[in-house]
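A short worksheet on the structure shown next.
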Amino acid sequence: GNMATGWPIIGLAVCGAAVDQLDHLITPDGSGGIYVAWVDYRDRAINDGDIYLQRVLADGSTAPGWPVNGLAVSALTGLQWFPVLAPDGAGGVFVAWEDWRAGQPSRAVYLQHITSSGLIAAGWPLNGLHVAVAPGQQVFPSIVSDGSGGVFLSWIDTRNGATSVSDTYGIRVDGDGVPLPGWATGGNPICLADGGQSASQLALDSEGGVFVAFDDFRTALPSNPFEEFHRNIYCTRMTGSGSIHPDWPADGLPICTAPQTQQALQIALGRGRQHAEQRRRQPEDQHRPAHPLVGASEVQHEPQQAEQPGLV
């Protein structure tokens, strides 16, 4: 319960750059330290929000080779936000985010691989790799290490707009950003149920695949596809080769379909089974939007700290 040696009692300033730094996330570096990512507005007059990353050692010092106030992972014109992190298993880290570099409404998911010394991993492009190459919008990524040097990613996708409001898609890439066998360049469908899905979260299974839990609106009326009282929690399981696990139903298993609203889910592996937690939202609790694509053109370029990374 004591403050660790070398750490200031009032907390460590990871970034003291001008303007705002928001929506921070943290993951272990595998050596007793941490990686911290955030949305940074130091160049807001030019770039809107950018994605920055810092590595902090166990004694609270900045890791050698890392710049003061963080490394710019993506600092292009247009908004980059909702970063998510996953260790690469070799001391480095993967960073994914939602990217508006092509302008509204062309929202996309990008991924970058950073080494432990603060360099872009060999073969990875400056400002990130476009991992969800598809029509429509791809928003709110979630990420988890695959245990083999790569990552699983999931996101909310509108490519099937003619037949579906939004769906859940995902991909598995290796340490070089190349899709693994069985995974399409633009991602594989995870849930294509009627209505919309949003806010996916990931956790590895014990067989090289991944569990995907998500908010689901399949019971909503077509006239109001994101009506809050039809927001439930579902979960599915993908194999490492990109197909729905044969023991799981198409479009997912209902975890909670109780009255009112379930959202802000978490997912964690425990004793060979997958646990999804959700919070029921009461009608008066209106502090979060119903869906990531509702009112997209009016979204503020200064997001508040999310209750859950990548969630609506």
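Numbers here are sequence positions counted from 1. Reckoned from all heavy atoms, side chains included, excluding hydrogens, waters and symmetry mates. Note that this is a predicted model, so its numbers are computed, not measured.
In this structure a side-chain-to-backbone donor-acceptor pair under 3.5 Å is present from Asp174 to Asp176. Looking only at distances, no side-chain donor or acceptor of Gln54 sits under 3.5 Å from a matching main-chain atom of Val68. Side chain of Glu207 to main chain of Asp205: no donor-acceptor pair is present (N/O by atom type, distance under 3.5 Å, no hydrogens or angles). Although no hydrogens or angles enter the test, the distance criterion places no donor-acceptor pair under 3.5 Å between the side chain of Asn160 and the main chain of Ser164. In this structure, the side chain of Trp183 does not engage the main chain of Val178 through any donor-acceptor pair within 3.5 Å. Between the side chain of Asn188 and the backbone N or O of Gly182 there is at least one donor-acceptor pair closer than 3.5 Å. Side chain of Arg159 to main chain of Gly186: a donor-acceptor pair is present (N/O by atom type, distance under 3.5 Å, no hydrogens or angles). A donor-acceptor distance shorter than 3.5 angstrom exists from the side chain of Asn47 to the backbone of Ala75, with no hydrogens or angles considered. Remark: side-chain polar atoms of Ser166 are paired, donor with acceptor, to backbone N or O of Gln197 under 3.5 angstrom.
The distance from the CD atom of Gln138 to the CD1 atom of Ile171 is 11.0 Å, given to the nearest 0.5 Å. Considering OG of Ser145 and CG of Leu202, their distance stands at 10.5 Å, rounded to 0.5 Å. With rounding to the nearest 0.5 Å, the separation of CH2 in Trp7 from CG in Leu12 is 5.0 Å. For the atom pair Ile244 CD1 and Arg237 CZ, the distance stands at 11.5 Å (nearest 0.5 Å). A distance of 8.5 Å separates CG in Asp50 from CG in Asn127, rounded to the nearest 0.5 Å. Once rounded to the nearest 0.5 Å, the distance linking CG of Leu57 with CH2 of Trp66 reads 10.5 Å.
Evaluated for a side chain to side chain contact (heavy atoms under 4.5 Å, CB included) with Ser200, the options Ile190, Thr236, Val212 yield exactly one hit, Val212. The side chain to side chain donor-acceptor pair (under 3.5 Å) test with Arg55 is passed by exactly one of Asp29, Thr62, Thr115: Asp29.
Taking the charged nitrogens against the carboxylate oxygens, Asp194 and Arg218 have no contact shorter than 4.0 Å, which rules out a salt bridge. We find that Asp99 and Arg107 are not joined by a salt bridge, their nearest charged nitrogen and carboxylate oxygen being 4.0 Å or further apart.
In the hydrophobic cluster analysis, where Ile, Leu, Val, Met, Phe, Trp and Tyr join through side-chain heavy atoms closer than 4.5 angstrom, Val19 is grouped together with Leu79. Taken together through direct or relayed side-chain contacts under 4.5 Å among Ile, Leu, Val, Met, Phe, Trp and Tyr, Phe94 and Leu204 form part of one hydrophobic cluster. Hydrophobic clustering (ILVMFWY, side-chain heavy atoms < 4.5 Å, transitive): Tyr35 and Tyr52 are in distinct clusters. Linking ILVMFWY residues whenever their side-chain heavy atoms come closer than 4.5 Å, directly or via other members, leaves Leu25 and Val56 in distinct clusters. A single hydrophobic cluster is not seen to contain both Val95 and Ile26; linkage of ILVMFWY side chains at heavy-atom distances under 4.5 Å, directly or through other members, places them apart.
You'll find the side chain of Trp100 stays beyond 4.5 Å of the side chain of Ser106, heavy atoms only. Side-chain contact between Ile114 and Ile120: present, with at least one pair of heavy atoms (C-beta onward) separated by less than 4.5 Å. Under the 4.5 Å side-chain criterion, counting only non-hydrogen atoms from C-beta, Asp40 is not in contact with Ile51. Taking the side chain as every heavy atom from C-beta outward, Ser74 and Trp97 approach each other to under 4.5 Å. Ile156 has its side chain out of reach of Asp167: every pair of non-hydrogen atoms, C-beta onward, lies at least 4.5 Å apart.
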Run Ile233 and Asp215 through side chain to side chain contact (heavy atoms under 4.5 Å, CB included) and show every step you take. CA-CA 5 Å; Ile233 304 296; Asp215 291 3; 3.3 Å; yes
Asp216 vs Asn232, test: side chain to side chain donor-acceptor pair (under 3.5 Å). Steps then yes/no. CA-CA 5 Å; Asp216 193 287; Asn232 298 307; over 6 Å; no
Given side chain to side chain contact (heavy atoms under 4.5 Å, CB included), test Leu192 with Asp251 step by step and report yes or no. CA-CA 6 Å; Leu192 302 177; Asp251 294 328; 4.1 Å; yes
Checking Trp38 against Asp23 for the side chain to side chain contact (heavy atoms under 4.5 Å, CB included) test, could you report, in this order, the C-alpha distance in whole Å, the side-chain angles of both residues, the deciding distance, and whether it holds? CA-CA 5 Å; Trp38 64 90; Asp23 292 352; over 6 Å; no
Hey, mind stepping through Asn69 and Arg42 against side chain to side chain contact (heavy atoms under 4.5 Å, CB included) and telling me if it holds? CA-CA 10 Å; Asn69 291 327; Arg42 69 185 72 179; 3.9 Å; yes
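Counting heavy atoms of neighbouring residues, nucleotides and ligands inside a 6.0 Å radius, atom CG of Asp43 exceeds 12 of them. More than 12 heavy-atom neighbours from other residues, nucleotides or ligands sit within 6.0 angstrom of CG on Asp247.
The minimum heavy-atom distance between Leu71 and Gly118, with the atom names listed, is CD2-O, 3.5 Å. Listed here is the closest heavy atom pair of Pro141 and Val109: CB-CG1, 3.9 Å. What you find for Ala37 and Pro83 is that their closest heavy atoms are CB-CB, 4.4 Å. Residues Cys235 and Trp248 approach most closely at O-CZ3, 3.4 Å, considering heavy atoms. Minimum heavy-atom separation, Pro87 to Pro28: CG-O, 3.7 Å. Counting all heavy atoms, side chain and backbone alike, Asp146 lies closest to Val173 at OD2-O, 4.2 Å.
Ring planes of His113 and Trp124: perpendicular class, angle over 60° (limits at 30 and 60°).
Looking at Trp81 and Glu98, their side chains do bring a donor and an acceptor atom within 3.5 Å of each other.
Cation-pi contact between Arg101 and Tyr110: present, with separation from the ring centre below 6.0 Å and deviation from the ring axis of at most 45°.
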